[in-house]
Visitor: 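My questions all concern the structure below.
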Amino acid sequence: MNHSHATDKLMVELRDLNKWYGEFHVLKNINLEVKQGEKIVICGPSGSGKSTMIRCINHLEEHQKGDIIVNDIPLNEDIKNIEAIRKDVGMVFQHFNLFPHLTVLENCVLAPIWVKKMPRKEAEAQAMELLERVKIPDQALKYPGQLSGGQQQRVAIARSLCMNPDVMLFDEPTSALDPEMIKEVLDVMIELANEGMTMLCVTHEMGFAKTVADRVIFMDGGQIVEENEPHEFFNNPQHERTQLFLSQILQH
Amino acid sequence: MKYEIQPTLPPPSSMIGVVGWLRKNLFNGPTNSVATIVVGYFLISFLVPTIQWIFIDSDWVGTSRDACTSGGACWVFIANRLDQFLYGFYPETEHWRPQLAFIIMIGSIIWLVLPQTPKKGLVAILLLVVYPIIAYFLLYGDVFGLPQVETHLWGGLTLTLVLAVVGIVASLPLGIVLALGRQSDMPIVKSVCVTFIEIWRGVPLITVLFMASVMLPLFFPEGMSFDKLLRALIGITLFQSAYMAEVIRGGLQAIPKGQYEAADALGLGYWQKMILVIMPQALKLMIPGIVNTFIALFKDTSLVLIIGLFDVLAIGQAANQDPDWIGYSTESYLFIALLFWVFCFSMSRYSQHLEKKLHTGHGNRA
Ligand SMILES: Nc1ncnc2c1ncn2[C@@H]1O[C@H](COP(=O)(O)OP(=O)(O)O)[C@@H](O)[C@H]1O
Ligand SMILES: [Mg+2]
């Protein structure tokens, strides 16, 4: 169905990752290897730790035990490493988190100009190219508040891509959208996947998982319960918990 | 049922016109009508004599109190003292210097307020950074052949404006730093800022000014004199920056966490995140609070009279003691109140204007 772009290079490695919120053990011994070009879909019930896990990868959350290695850079206390990893990792949020005081174009050029020290002209040219790719170049001079949810999310994807990331993290990118706007965002993500981007997506869009995922991961209670390629995952789930979850989700 | 397009009709006549307005707003039921009549009666019986006293029965021209014969306000007193009200004891031949400083300030503010003028950002930065330096040399002199005017001669409205402008310009950045420090993850930075803010907020400004004028010199080596105005300025600035810090903290807390996270995820550093993403949004929310603080500061400057600085209120009080003009203190207090009101009201209007301008059409707070 989908041809994998995976190479042998490891892009993201989580080794025995553990995290606590105070006393609450939210991530328990997570082990995950993502190769360059691989597409991983992560699903699981609300509160199972999906967001926490992918937010650890770019250090929006701090982990207490275990190792995270991104693009050969170990994520540790060294602020240089954190900065380097954030340059390589793009993230798309459920609520878009565009900067409301800046135009679409300014949202897109902010990080390239200030983090990568790219000349403004070059940054703007690149941003326009990416806005074309997400099919909203005509909105470049508008403010985020003037766009629909689907358009805002596509801008958010373009904004991340402007940093030329090696990995993209998506945290439920379509779950705050009205149903008629989900497809336009998924289409952009599918295109991105077909171009060979390494992706970790938390999503419950099972159609998307079937189309692009190399592997689907099911999390529950802060653990990875099951991990399989999509066909097997959906047709032949191994664990009872997975079966229950799938039956609930596929009902609709 | 058959659907047809309904015609648009004018509103019923009882809603429009003067009569409609009166009906709706003033005589809407018996209670409102009685209230309108009672309040109207008191307003008229107070306003009519006041207006008569201020404008109709008043005297405006003359050189001494003998000119005041009409029984109303004696504005001759203010007119004769106007130079002192505006410039204190600043030498008369040098009055053009505070005038020029004032004109530059008002000119740049008008530049910022008018909708079509270009390069507003540049003008704002010049006003906040370069202007205070120019104004200092202009007022103090001793450079470019300008004769020196010692600060103890500064007074009146000039001094009030110096205190207010310096307080405003200096307390804003200091307040921002304190507010950021209070949010910091570093325990030492955080506790220093919290302590600083809470100490200054817990002390009345009068005490601060007394300490600045009486106690501060005790900490300096003997013989080292330290300008009294400068001490007052430091006191006022530190005091106001603590208040400013709390206003700014409120604004920072109103920015959604997602904005910080998006900036972090894009790789922006702490200062880039704060200056490019968080502060521009937070300042917008903080405008009413900041201007409130400015207005409070502007009025509080009049407290410097207790440490012997002659701001416009102190000048007024001194003028009231003049044996030639005994009995006209109402006029001087009214005049001073009017001066304060004009500046505070302008600030308030400007803040409303800014708020409106900054809130046009992009209110996405997700
Ligand atoms: N900042 C936090 N402090 C304390 N508990 C948190 C925090 N963020 C998330 N949690 C808890 O951690 C668990 C996992 O959260 P999350 O990763 O957001 O789940 P998911 O994304 O799978 O819905 C939940 O039980 C949630 O209540
Ligand atoms: Mg989540």
Visitor: Please confirm whether the backbone N or O of B:Gly258 pairs with a side-chain atom of A:Asn97, one donor and one acceptor, at under 3.5 Å?
Guide: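 Answer holds: yes.
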Visitor: Given a strict heavy-atom distance threshold of 4.5 Å, which part of B:Glu261 is in contact with chain A: side chain, backbone, both, or neither?
Guide: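 Contact with chain A: backbone and side chain both.
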Visitor: Could you tell me whether A:Lys183 atom NZ has more than 12 heavy atoms of other residues or ligands within 6.0 Å of it?
Guide: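 Not buried by this count: 12 neighbours or fewer within 6.0 Å.
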Visitor: Between A:Phe93 and B:Ala265, which heavy-atom pair has the shortest distance, and what is it?
Guide: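 Shortest heavy-atom separation between A:Phe93 and B:Ala265 comes out as CZ-CB, 4.1 Å.
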Visitor: For B:Gly267 versus A:Arg86, what's the shortest heavy-atom pair and its separation?
Guide: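 Looks like CA-CB, 4.0 Å.
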Visitor: So which heavy atom on A:Val115 is nearest to which on B:Gln272, and how close?
Guide: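 Shortest heavy-atom contact: CG2-OE1, 4.1 Å.
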Visitor: Hey, is the main chain of B:Leu268 close enough, under 3.5 Å, to the side chain of A:Glu83 for a donor-acceptor pair?
Guide: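 It does not hold such a pair.
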Visitor: Kindly check if the number of other-residue, nucleotide or ligand heavy atoms within 6.0 Å of NZ (A:Lys35) is above 12?
Guide: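 12 or below, so no.
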Visitor: Checking heavy atoms, do the side chain of A:Arg55, its backbone, both or neither come under 4.5 Å from chain B?
Guide: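 The answer is the side chain of A:Arg55.
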Visitor: What distance do B:Asp264 atom CG and A:Met91 atom CE have between them, rounded to the nearest 0.5 Å?
Guide: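 CE of A:Met91 is found 11.0 Å from CG of B:Asp264.
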Visitor: Would one find more than 12 heavy atoms of other residues, nucleotides or ligands at under 6.0 Å from atom NZ of A:Lys117?
Guide: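 Yes, NZ of A:Lys117 has more than 12 neighbouring heavy atoms, counting only those of other groups under 6.0 Å.
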Visitor: Look at atom CD1 of B:Ile188 and say whether more than 12 heavy atoms of other residues, nucleotides or ligands are closer to it than 6.0 Å.
Guide: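 At most 12 heavy atoms, drawn from other residues, nucleotides or ligands, come within 6.0 Å of this atom.
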Visitor: Taking atom CG of B:Asp185 as the centre, does the number of heavy atoms from other residues, nucleotides or ligands within less than 6.0 Å exceed 12?
Guide: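 No.
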Visitor: Within this structure, what is the CG-NZ distance for the pair B:Leu266 and A:Lys116, rounded to the nearest 0.5 Å?
Guide: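 It is 11.0 Å, given to the nearest 0.5 Å.
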Visitor: Counting heavy-atom pairs closer than 4.5 Å to chain B, which one of A:Val89, A:Leu169, A:Leu110 comes out on top?
Guide: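 Ranked by heavy-atom pairs under 4.5 Å with chain B, first place is A:Leu110.
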Visitor: Please check if the number of heavy atoms outside B:Lys273 that lie under 6.0 Å from its NZ is greater than 12.
Guide: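 More than 12 heavy atoms, drawn from other residues, nucleotides or ligands, come within 6.0 Å of this atom.
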Visitor: For B:Tyr270, does the OH atom have more than 12 heavy-atom neighbours from other residues, nucleotides or ligands under 6.0 Å away?
Guide: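 Yes, because the 6.0 Å sphere around OH of B:Tyr270 holds more than 12 heavy atoms from other groups.
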